[in-house]
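To keep things clear, I will list the structure first and then write my remarks on it.
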Amino acid sequence: MSEDFLSQFSGRKNVAISAPEHDTEFDSAYNKRKLIRYGVIAGTVIVVAIILYLIVALFNQVTVKNFVGTSLGDAKTWGITNKVTLEIETLFNNEYDNNFIITQSQDPGKKIRKGSILVFQVSKGPDPDEQIELPDFAAMNTNQIYGWKDQNKANNVNIMQENSETVEPNRFIRKEFNNPTITETNYTRKDGLLIYMSKGTYDKNITMPNFADKSKTEVETWAGQNKIEAEYKEKASDKIPRDFVISQDIDAGTKIAQNTKMTFIISSGKAVIMPNFSRITKEEAAAQEDVLVTLKTQYSGTIAYGKLISQSVPAGRQFTDEPAKVTVIYSEGRPYIDDLVGKSEKELPSYFYEFTGKGANITYSVTYVDSGEPKGQVVSVSLYNQYMEMTTHVEIQVSRGKISIPITQDG
């Protein structure tokens with residue numbers, strides 16, 4: 001704006017305007033408030049930053065659990081979920097089963113950052129090759145043996161219970177190794193062992209049936225199903241068919257237990273009875289139909305002719321499953337010698353063999369004499385046409401044929 005305009009407006013020319021006088025007063029608290037404001041702002045920023053850091057740190061941390069005694073699988077699941085790397089060291093251990101955690105590198109409750117490494121010692125179970133000293137099982141009851149098995153982690157030991165008539169319940173019966181090369185001195189944890197313990201006698205809860213006139217097959221089926229130790233004896237019967245029960249040694253209706261021993265008498269059918277051949281003649285013996293008879297005769301110095309000397313099978317014996325066979329010997333009486341004069345020398349061996357072949361010890365000797373009879377003809381015998389003792393010697397003369405008989409003429 002020009003001076004003329006100003007002069008026109010004011011009606012005055014070149015009038016100087018003087019500035020008003022002011023009193024200046026300084027506020028000493030202003031700077032202090034300003035510092036406080038900046039401090040509050042800075043503090044707020046720091047607090048927010050700390051809070052944000054803590055929030056981030058909180059969400060980036062995980063609290064370590066107590067994994068000792070738990071499955072490795074549970075720890076792996078936790079590690080994957082919380083982004084924690086697991087390092088595994090395995091070793092044999094008798095306290096923890098296979099794949100169970102023995103120790104951990106961080107204490108339970110401690111917070112670690114995600115991405116950290118957590119080290120575990122993990123059990124491989126007990127050492128299978130470790131040799132185990134076997135106790136005296138006979139001095140232990142069933143619970144004590146189970147306790148020994150658990151304490152020694154003898155997982156290949158199986159405890160079986162069976163009934164026993166002689167061993168009281170829960171006491172040791174026997175042990176069996178699964179390999180014949182295993183003994184008490186070289187037994188290891190990996191070897192199999194069966195220990196049998198008694199559970200006492202069987203309960204008498206089986207009612208004995210009546211098997212009279214039942215087949216042997218029915219008895220065998222019943223005995224097998226009820227674990228009865230059945231013994232079978234055969235007996236001939238004219239009334240009960242073959243392979244059917246004649247009798248049983250435990251009465252029907254009796255309560256019995258498993259493993260009871262009993263006997264059944266089974267019919268073998270109609271029997272062939274061995275005759276008494278001393279009461280029949282040798283002709284009747286030869287005519288037997290049910291018995292196969294081998295008939296022989298023999299000389300005897302004491303048993304009369306036609307009487308029985310012996311039979312190979314006793315009279316009265318019963319035959320069912322096998323043919324009835326017998327050898328019978330009848331007496332020929334004392335040996336009798338004929339008049340052998342006039343017989344040929346070549347007939348003598350067979351003649352005297354008849355005596356020895358039938359039990360008589362008859363011997364002979366030959367001397368050769370000059371005779372008018374043909375050569376080789378018997379001309380004299382020391383015994384003839386008579387009975388002899390069982391031991392006799394006969395002297396025989398045989399012609400050499402050297403003597404000529406003169407011819408005489410009558411007249």
query = salt bridge (charged side-chain N to carboxylate O under 4.0 Å, His left out): which pairs involve residues 166-190, sequence neighbours left out?
reply = Asp129-Lys190, Glu130-Arg189, Glu162-Arg174, Arg174-Glu176, Lys175-Glu184

query = Does NZ or CZ of Lys214 fall inside the cone over Phe244's six-membered ring, less than 6.0 Å from its centre and within 45° of the axis?
reply = no

task = Give the C-alpha distance, both sets of side-chain angles, the deciding distance and a yes or no for side chain to side chain contact (heavy atoms under 4.5 Å, CB included) between Glu89 and Val122.
result = CA-CA 6 Å; Glu89 176 188 351; Val122 178; over 6 Å; no

request  = For Ser123 and Asn93, test the side chains for any donor-to-acceptor distance below 3.5 angstrom and give the result as yes or no.
outcome  = no

request  = Sequence neighbours left out, what pairs pass ring pair (Phe, Tyr, Trp, His ring centres under 6.0 Å) with at least one residue falling in residues 283-319?
outcome  = Tyr299-Phe355

What donor-acceptor contacts under 3.5 angstrom involve side-chain atoms of residues 269-280, with partners at least two apart or in another chain?
| from | atom 1 | to | atom 2 | distance (Å) |
| --- | --- | --- | --- | --- |
| Asn276 | OD1 | Ser278 | N | 3.1 |
| Asn276 | OD1 | Ser278 | OG | 2.6 |

message = If you define the side chain from C-beta out and look only at heavy atoms, does anything of Gln121 sit under 4.5 Å from Ile101?
response = no

request  = Report yes if some heavy atom in the side chain of Val381 is under 4.5 Å from a heavy atom in the side chain of Glu395; otherwise report no.
outcome  = no

ask   = Mind checking whether Ile266 and Val245 have side chains closer than 4.5 Å, heavy atoms only?
value = yes

inquiry  = Does atom CD (Glu283) have a neighbourhood of more than 12 heavy atoms from anything else shown, all under 6.0 Å?
reply    = yes

message = How about CD on Gln144, more than 12 heavy atoms from neighbouring residues, nucleotides or ligands closer than 6.0 Å, or not?
response = yes

ask   = Side chains of Asp338 and Tyr384: closer than 4.5 Å at any heavy-atom pair?
value = no

Whether Ser267 side chain and Ile240 backbone form a donor-acceptor pair below 3.5 Å = yes

task = Verify, without hydrogens or angle tests, whether Gln397 (side chain) and Val378 (backbone) share a donor-acceptor contact under 3.5 angstrom.
result = no

request  = Output, in order, the C-alpha distance, side-chain angles, deciding distance and verdict of side-chain hydrogen bond (donor to acceptor under 3.5 Å, both in side chains) for Thr63 and Lys111.
outcome  = CA-CA 4 Å; Thr63 303; Lys111 294 184 180 297; 2.8 Å; yes

ask   = Should Val62 and Ile112 count as side-chain neighbours, where that means a heavy-atom distance under 4.5 Å?
value = yes

ask   = Would Asp243 and Lys216 pass as an ion pair if we require N to O under 4.0 Å?
value = no

message = Taking ring pair (Phe, Tyr, Trp, His ring centres under 6.0 Å) as the cut-off, I'd like each qualifying pair that reaches into residues 60-105, sequence neighbours left out, listed once.
response = Phe67-Trp78, Phe67-Phe120

key: side chain to side chain donor-acceptor pair (under 3.5 Å) partners of Asn361, counting only residues at least two apart   = none

ask   = Above 12 or not: heavy atoms from other molecules or residues under 6.0 Å from OH of Tyr351?
value = yes

remark   = Output for pair (Asn259 CG, Glu165 CD), nearest 0.5 Å, gives 7.0 Å

ask   = For the side chain of Asp249 and the backbone of Thr263, is there at least one donor-acceptor N/O pair under 3.5 Å apart?
value = yes

ask   = Which pairs pass salt bridge (charged side-chain N to carboxylate O under 4.0 Å, His left out) with one or both residues in residues 228-241, sequence neighbours excluded?
value = none

query = Within the side chain of Ser105, is there an N or O that forms a donor-acceptor pair under 3.5 Å with the backbone of Val119?
reply = yes

query = Who passes side chain to side chain donor-acceptor pair (under 3.5 Å) against Glu347, sequence neighbours left out?
reply = none

task = Sequence neighbours left out, what passes side chain to side chain donor-acceptor pair (under 3.5 Å) with Glu389? Give chain and number order.
result = Arg334

note = CG (Leu72) and NZ (Lys76) are apart, to the nearest 0.5 Å, by 4.5 Å

note = Sequence neighbours excluded, the answer for side chain to side chain donor-acceptor pair (under 3.5 Å) partners of Asp191 is Thr188

task = Please confirm whether the backbone N or O of Ala212 pairs with a side-chain atom of Asn210, one donor and one acceptor, at under 3.5 Å?
result = yes

ask   = Side chains of Ile309 and Thr297: closer than 4.5 Å at any heavy-atom pair?
value = no

task = Give a yes or no answer on whether the side chain of Ser268 reaches the backbone of Ala236 with a donor-acceptor pair at less than 3.5 Å.
result = yes

remark   = Heavy atoms of Leu308 and Val328 approach each other most closely as CD1-CB, 4.2 Å

key: N/O donor-acceptor pair under 3.5 Å between Asn385 side chain and Asp339 backbone   = yes

inquiry  = With a 6.0 Å cut-off (strictly less than), is the heavy-atom count around NZ of Lys149, excluding the residue itself, greater than 12?
reply    = yes

query = Between Thr260 (side chain) and Ile256 (backbone), is there a donor-acceptor pair under 3.5 Å?
reply = no

Nearest atoms (heavy-atom pairs only) where Val293 meets Ala285 = CG2-O, 3.5 Å

message = Can you pull out every ring pair (Phe, Tyr, Trp, His ring centres under 6.0 Å) where at least one residue sits in residues 358-381? Sequence neighbours excluded, please.
response = Phe352-Tyr364

key: Side-chain donor/acceptor of Thr207 to backbone N/O of Gly253, under 3.5 Å   = no

request  = Could you tell me which residues satisfy ring-ring contact (aromatic ring centres under 6.0 Å, His included) with Tyr336, sequence neighbours excluded, listed by chain and number?
outcome  = Tyr387

ask   = Any luck finding a side-chain donor-acceptor pair between Thr77 and Asp74 under 3.5 Å?
value = no

message = Suppose we screen for ring-ring contact (aromatic ring centres under 6.0 Å, His included). Which residues come up paired with Tyr196, at least two apart in sequence or across chains?
response = none

Side chain to side chain, Met197 and Ile159, heavy atoms closer than 4.5 Å = yes

request  = Specify the closest pair of heavy atoms between Gly306 and Tyr330, including all atoms of both residues, with the distance to one decimal.
outcome  = O-CD2, 3.3 Å

query = Which is it for Ile195 and Val157 under the side chain to side chain contact (heavy atoms under 4.5 Å, CB included) test, yes or no, and what are the steps along the way?
reply = CA-CA 7 Å; Ile195 299 175; Val157 172; 3.7 Å; yes

ask   = Judged by atom type as modelled, is there a donor-acceptor pair below 3.5 Å linking the side chain of Ser300 to the main-chain atoms of Gly333?
value = no

inquiry  = Do Met388 and Ile362 make a side-chain contact, defined as non-hydrogen atoms from C-beta onward lying under 4.5 Å apart?
reply    = yes

